[in-house]
J.: 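Starting off with a structure, shown below.
Positions are given from 1 along the sequence. Side chains included, hydrogens not; waters and symmetry mates left out as well; all remaining heavy atoms used. Whatever order the structure lists them in is the order used to number ligands and atoms, beginning at 1.
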Amino acid sequence: MVKTLQIGYEEYSTWEELDKEDFQLIQEAKRIRETAYAKYSDFRVGAALLLDNGKIIVGNNQENAAYPSGLCAERTAIFYAIANYPDAQIVKMAVVAGKDENTDNPVAPCGACRQVLLEYETRQKKPFEFLFTGMKGRVIKFHQTAQLLPFCFDGSQL
Ligand code: THU
C-alpha cells in the first residue's frame, strides 16, 4: 500500500508580509549572521529564538579547521538557550542564511539541526514555530519542528 504524507507550512514572498514579532526575530537573526565565524565556507547563518519569558537568544555558525568540529547557527543558539533558561519554553526560531546579500532562497536547516530542534520541542511538550529565509524575499514558516522531520527517531524508541 502506498501512503502519502502531507506537510503543512506557510510561505511569504517578502519579509514585510510577516507580523511584527516574526519580522523582528528575522531582523535579529540577520544581525547576528554578520558575526558568524564562517572562514571556510563563507556561508553565514544567523539564528534567533524567542522564549516565553520574552528573551531573544541569538547564535551563528562557528566553523573550524577540522571541519566537523564546527557547529550550525541553529544549534549554537538553541544549546545556549536551553543551558541558560532550562525552564523557559521556546516560542519560535528564525534563521537567516546566505553567502551574500542577494540570496533570496530560503535556507532549510540541516538534518542534524532538525533532530536537535525536535528534541527540545518534544521536551517542552509544546510545538514551536520555525521560520527560515535567505537574505531577502521568500520566507517559509513551519508551525512545529516535527513537521520538518517525518519518521524521526526520538527518545520514546529507546
Ligand atoms: N549551516 C548552518 O549554520 N545551518 C544550517 O542549517 C545549514 C548549514 C552552516 C554550517 C557551515 O558553517 C556552513 O553553514 C556551510 O555548511
J.: Side chains of E63 and S41 only: does a donor on one sit below 3.5 Å from an acceptor on the other?
T.: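 A donor-acceptor contact under 3.5 Å links the two side chains.
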J.: Heavy-atom cut-off of under 4.0 Å around ligand 1: list whichever protein residues fall inside it, by chain and number.
T.: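 Near ligand 1, by chain and number: S41, F43, V45, N61, E63, C72, A73, E74, A108, P109, C110.
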J.: Could you name each residue pair satisfying salt bridge (charged side-chain N to carboxylate O under 4.0 Å, His left out) that touches residues 4-13, not counting sequence neighbours?
T.: E11-R138
J.: Does a sphere of radius 6.0 Å around CD in Q157 hold more than 12 heavy atoms from other residues, nucleotides or ligands, not counting ones at 6.0 Å or beyond?
T.: yes
J.: I'd like to know if the side chain of N60 and the backbone of A73 have a donor-acceptor N/O pair within less than 3.5 Å.
T.: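 Answer holds: no.
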J.: Could you list the residues that satisfy side chain to side chain contact (heavy atoms under 4.5 Å, CB included) with L149, not counting sequence neighbours?
T.: R114, Q115, L118, C152
J.: Taking salt bridge (Lys or Arg N to Asp or Glu O under 4.0 Å) as the test, write out the residues that go with E129, two or more places apart.
T.: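 Salt bridge (Lys or Arg N to Asp or Glu O under 4.0 Å) check on E129 returns K92, K141.
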